[in-house]
2 protein chains.
Amino acid sequence: MTRADVARYAGVSTAVVSYVLNGGPKNVAPLTRERVLDAVRVLGYRPNAAARALSMGSADMFGLLVHDNRSPFFAELCHALDQATADAGRSLLIVNSDRTQVPTADQIRDLASRQIAGLIIADVLTSGEQSVVHSLGIPAVVMGQFGETDDLHSVGVDFARGAREACEHLIGHGYRDIAFAGSAARYDERERGWREALSAARLPLGPLLHTPFGYQGGYDAAVELMRLPSLPRAVLAASDQIGIGMLAAFGERGVRVPDDIAVVSFDGTIAADFVWPRLTTAVQPLEQMAEVAVQLLTDPTASRHHRALFTHLRVRESCGCAAQHG
Amino acid sequence: MTRADVARYAGVSTAVVSYVLNGGPKNVAPLTRERVLDAVRVLGYRPNAAARALSMGSADMFGLLVHDNRSPFFAELCHALDQATADAGRSLLIVNSDRTQVPTADQIRDLASRQIAGLIIADVLTSGEQSVVHSLGIPAVVMGQFGETDDLHSVGVDFARGAREACEHLIGHGYRDIAFAGSAARYDERERGWREALSAARLPLGPLLHTPFGYQGGYDAAVELMRLPSLPRAVLAASDQIGIGMLAAFGERGVRVPDDIAVVSFDGTIAADFVWPRLTTAVQPLEQMAEVAVQLLTDPTASRHHRALFTHLRVRESCGCAAQHG
DNA sequence: CTGAAAGCGCTTACAG
DNA sequence: CTGAAAGCGCTTACAG
């Protein structure tokens, strides 16, 4: 049941049991090691993580602060992070920050009091909350944001480039009136990519819609678009959820996609493949992002610059490309 | 920084600090309590959860074993559980069981070694895995299954009743050829509800499709349906994901919903409201289920019977009812 | 290569 | 009502 039992069974001290179980900090004679391992097996011993955490001053857990784990992109991010942390022998303490009654700073402090070894932030933090993270001295990595965050680690995607590619694809279809639907919360790099692609093609800016992320935001944005004197020929949505919400609104009013208006979105979530028409979307490499995040948290020597990975455009039917099954 | 610091600052022993912070097991004089609380405030003290867990033999965390947190229903369940556990002053350790390399039994043991105070199982366990849970002696509650599980707590929904209501609604539309698409993994109570509703209405059983849960399963089932000599007039899907996958397949082949075939599904996830046509669906009361689960885990005297809550049918357009905005 | 022992920061019987 | 002290199960300098 405890390390002492294993030690007794193997006829060694508890220190030796620790040495073999942790692979250090001291060497153990091969035969002794075998005896210990046998004892562990026979007794079905599992170390008490709380004791270890107390002794080490840090638990084998990462905290994940996410605004709302239900939105598909973040649900997939949680999943990828769960895999990556488990691969690193750690657990994930997930906390949603969308409860209005509880200040996020308190949630961060609570996580810290649980001795997490690192904090993954899939959310946007106020500067006050960021300084809490700093003051607590927890290694932290920000995921999915647009660039450097203070001097925390960060990993994301080249949003501008991804959006540019998506927009160029739309331009390649011959569309000239291309709208953008994204969030106004902060300056959106995707919006910049859209602008760049259009101006590079000497095309005028299409309608610009600022709307919340999420299905409803997309729905509302599409309604907005349909109120315009003339419907743009295509729209770039800043997230799959916005894209799906738009599809719903268009479907409801009998506007055909991609015939009346083409749609391309961003994220590459699973759901984008199971709407009709299927969404062409800029896929974020989630597994890779998760691995980088965990590795940054694990490696104390990692330098603190922003890591931007590349999206790749997954072409399906919503942009007007011919149906491709699968 | 530690309890000793607080004690020194307040001029009391560490025991007293514990008494006031934990509200027991001993009383503390009002003035002393105030001094301690002040010290805590001034010093910004937060108890070390690892030390507490070691001392108490149990951490203030619940483990959540879920097959795949990405599927919308389970994503929403995770979210509800996060709220409910946080309300109870606890944290949630989420573990996905869908990694083929790692035996679920090991994941359960790992959770146990982290001293979780209880285990929430949103997954189907083999009997071997169940006996692991038993042998570890962790309080556990099974969520979303069809009935009693061994002698663990369980909370779910009256699936048969929910499906019956959904099917009756379809019958109320005058449809007589009603299919069912659900999983064959185990006997599905929803399938039973479908059978019951049809036989109560003296209607013949429509096509019965066994398909995996998830979008792809729905897509495949719909393709299957369209291969039949004649398309059934309506279909009851065992989950929103199946329903959405069917919508995609129907949309792709130009089959109109609800005109050619009506669809009703199960779960009441957010996405069901943002497809076109919007899905009529039997909504599971997730928040309530989560609260019950946490309460069962928190109350050692709770009796071990299955709690079945009721779904309610959310009527939208996919069944053929007139469009109702919002 | 191995062991005796201190220490991590809590909780809680046991005295007073 | 308050305090001194043992104990929870680990880790790891320190001796040998």
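Lettering follows sequence order; numbering is per chain, from 1.
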### Message
Within the 3.5 Å criterion, strictly below it, is a donor on A:Tyr45 or A:Arg3 matched to an acceptor on the partner's side chain?
### Response
yes

Between [X] ([atom1]) and [N] ([atom2]), how many Å, whole number?
X: B:Leu31; N: D:dC1; atom1: CG; atom2: C1'; answer: 12 Å
X: B:Asn48; N: C:dG7; atom1: CG; atom2: P; answer: 18 Å
X: A:Gln115; N: C:dC10; atom1: CD; atom2: C1'; answer: 11 Å
X: A:Asn27; N: D:dT12; atom1: CG; atom2: C1'; answer: 15 Å
X: B:Leu54; N: D:dC10; atom1: CG; atom2: P; answer: 9 Å
X: A:Arg46; N: D:dG9; atom1: CZ; atom2: C1'; answer: 16 Å
X: B:Arg8; N: C:dG9; atom1: CZ; atom2: P; answer: 11 Å
X: A:Arg3; N: C:dG3; atom1: CZ; atom2: P; answer: 15 Å

### Task
Report the C-alpha separation of B:Met56 and B:Asn22 in whole Å, then their side-chain angles, then the decisive distance to 0.1 Å, and conclude whether the side-chain contact (heavy atoms from CB on, under 4.5 Å) test is met.
CA-CA 12 Å; B:Met56 306 266 287; B:Asn22 300 333; over 6 Å; no

### Task
Show your working on side-chain contact (heavy atoms from CB on, under 4.5 Å) between A:Gln284 and A:Leu77 and close with a plain yes or no.
CA-CA 10 Å; A:Gln284 297 200 45; A:Leu77 183 62; over 6 Å; no

### Message
Pair B:Leu92, A:Ile94 - check side-chain contact (heavy atoms from CB on, under 4.5 Å), show working.
### Response
CA-CA 6 Å; B:Leu92 243 206; A:Ile94 299 184; 5.9 Å; no

### Query
Toward the 5' end of DNA chain D, which comes first, A:Met56 or B:Lys26, by nearest nucleotide?
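Its nearest nucleotide lies further toward 5', so the answer is B:Lys26.
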
### Task
Select from B:Thr32 and B:Ala51 the residue whose nearest nucleotide in DNA chain D is closer to the 5' end of that strand.
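Residue closer to the 5' terminus by nearest nucleotide: B:Thr32.
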
### Task
Using the P atom as the reference point in each nucleotide, state the distance between D:dC14 and D:dC10 in Å, no decimals.
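Rounded to whole Å, the distance is 24 Å.
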
### Task
For side-chain contact (heavy atoms from CB on, under 4.5 Å), just list the numbers for A:Asp123 and A:Glu129, CA-CA rounded to whole Å, side-chain angles, deciding distance to a tenth of an Å, and then say yes or no.
CA-CA 11 Å; A:Asp123 196 3; A:Glu129 288 155 2; over 6 Å; no

### Query
Below 4.0 angstrom from OP1 or OP2 of C:dG9, is there any side-chain N or O of B:Arg52?
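False: B:Arg52 side-chain N/O out of range (4.0 Å or more) of C:dG9 OP1/OP2.
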
### Query
Can you tell me if A:Gln83 uses its side chain to pair, donor with acceptor, with the backbone of A:Glu287 under 3.5 Å?
no

### Message
For B:Asp60, is there any backbone N or O sitting under 3.5 Å from a side-chain donor or acceptor partner on A:Arg114?
### Response
yes

### Query
DNA chain C in dot-bracket, Watson-Crick or G-U pairs under 3.5 Å, [ ] crossing, | other strand?
|||.||||||||.|||

### Message
I want to verify a distance call: between C:dG7, C:dG9, C:dC1, whose nearest atom is closest to the A:Ser55 side chain?
### Response
C:dG7

### Task
For DNA chain D, find the residues of residues 12-23 of chain B with a heavy-atom distance under 4.0 Å and give them by number; none if there aren't any.
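The answer is B:Val12, B:Ser13, B:Ala15, B:Val16, B:Tyr19.
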
### Message
Between A:Asp82 and B:Arg99, does any NZ, NE, NH1 or NH2 come within less than 4.0 Å of an OD or OE carboxylate oxygen?
### Response
no

### Query
Should B:Asp38 and B:Arg35 count as an ion pair when the cut-off is N to O under 4.0 Å?
no

